[in-house]
Amino acid sequence: MEGPSLVILKEELASLKGKKIMQVGGTAKLDFSRLTNAKINQINTWGKHFLLVFSGFTIRIHFLLFGSYRINERKDRAPKLTITCGGKEVNFYSCAVTILEEVPDKIYDWSCDVMSDAWDPTKARKKLKQLPHLNVGDALLDQTIFAGVGNIIKTEVLYRIKVHPDSNIGNLPPRKLGELIKEARLYSFDFLHWKKEFILRKHWLAYKKKICRRCNVAIQLKYTGITKRRSFYCEQCQVLYN
DNA sequence: CCGGTTGTTCAGCG
DNA sequence: GCGCTGAACAACCG
């Protein structure tokens, strides 16, 4: 689950803000008593972290690869966490649930979350300048630079800016580096918009695609970077900088 | 129907 | 202490 999907969840649960937790349970190893009757002060996201902020502590949910949730619905297996609040039953499945004792502002740098109003592209560029040998795909997946970007966004950004996934950051012309940073945020918001409309897949141009729409040649699949994540790309129009 | 993965952390090793 | 590798988790899709 990538950053924009968590923004959708935040919006779906906006009505819970200011409400008390009426019931809590699940298989997570967690002191549930802290949650009972606690009031949700804020619902927030940082990258792929979903945050329920209470007075004195915060619940952090990370969906990893297989996580999911249901609102007023249940799957046929036990939830990691279930809360009843504001008239809604929210069930979280196969996710990592932890309690943060520090206030989120102390832990999270909002300016590196591509979905945040505080997103700061200049800061991202400064970080990238320090990492010339970093693979471009690994750079996009680095949560300390582009929090919220996942493998789909990575793939589509590189296709959009016509950069080969084996390229290195330091070899990108300055203008290309600027495009990479800009598109990381722009595509993330397109992802958000399309996912809300249930038309995300329809708009994939490289991810899981067979033919390049620009060149009409076969899309390649290769595991790239130090992270060895899947990259779908067009050998013809995505330029290798290295 | 079974192999692979929209992700991250940690143990173990040299 | 470092980088690197592989395991673990765990469920849906094609």
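Just so we're clear, the structure is a prediction, and the values are computed from it rather than from any experiment. Hydrogens, waters and symmetry mates are skipped; everything else that's a heavy atom, side chains included, is used. Just so it is clear: chains get the letters A, B, ... in the order the sequence lines come, proteins before strands, and each one is counted from 1.
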Output a table of nitrogen or oxygen pairs between the protein and nucleotides 11-14 of chain C separated by less than 3.5 Å.
from, atom 1, to, atom 2, distance (Å)
C/dA11, OP1, A/Arg77, NH1, 2.9
C/dA11, O5', A/Arg77, NH1, 3.4
C/dC12, OP1, A/Lys75, NZ, 3.0
C/dC12, OP1, A/Arg77, NH2, 2.5
C/dG14, OP1, A/Arg201, NH1, 3.1

*Does a nitrogen or oxygen in the side chain of A/Lys48 sit under 4.0 Å from OP1 or OP2 of B/dT8?*
yes

*asked:* Would you say A/Arg230 places a side-chain N or O within less than 4.0 Å of OP1 or OP2 belonging to B/dG4?
replied: no

*Under 3.5 Å, is there a donor-acceptor pair between the A/Ser231 and A/Lys154 side chains?*
yes

*Partners passing side chain to side chain donor-acceptor pair (under 3.5 Å) against A/Lys88 (at least two apart in sequence or in another chain)*: A/Ser15

_Between C1' on B/dG4 and CG on A/Leu221, what's the gap in Å once rounded to a whole number?_
11 Å

_Could you check, using the six-membered ring where one of them is a Trp, whether A/Tyr233 and A/His164 have ring centers closer than 6.0 angstrom?_
yes

_Below the 4.0 Å mark, does C/dT5 have OP1 or OP2 next to a side-chain nitrogen or oxygen of A/Lys228?_
yes

*Identify whether any heavy atom of A/Ile226 sits under 4.0 Å from a base atom; if not, whether one sits that close to sugar-phosphate; answer base, sugar-phosphate or nothing.*
sugar-phosphate

*A/Asn151 side-chain proximity, nearest of C/dT5, B/dT6, B/dT8*: B/dT6

*Hunt down any stem DNA chain C takes part in, defined as 3 or more consecutive Watson-Crick or G-U pairs whose two distances are each under 3.5 Å.*
B:2-5 with C:11-14, B:7-14 with C:2-9

*Mind checking A/Phe63 for me? I need base, sugar-phosphate or nothing, with any heavy atom below 4.0 Å counting as a touch.*
nothing

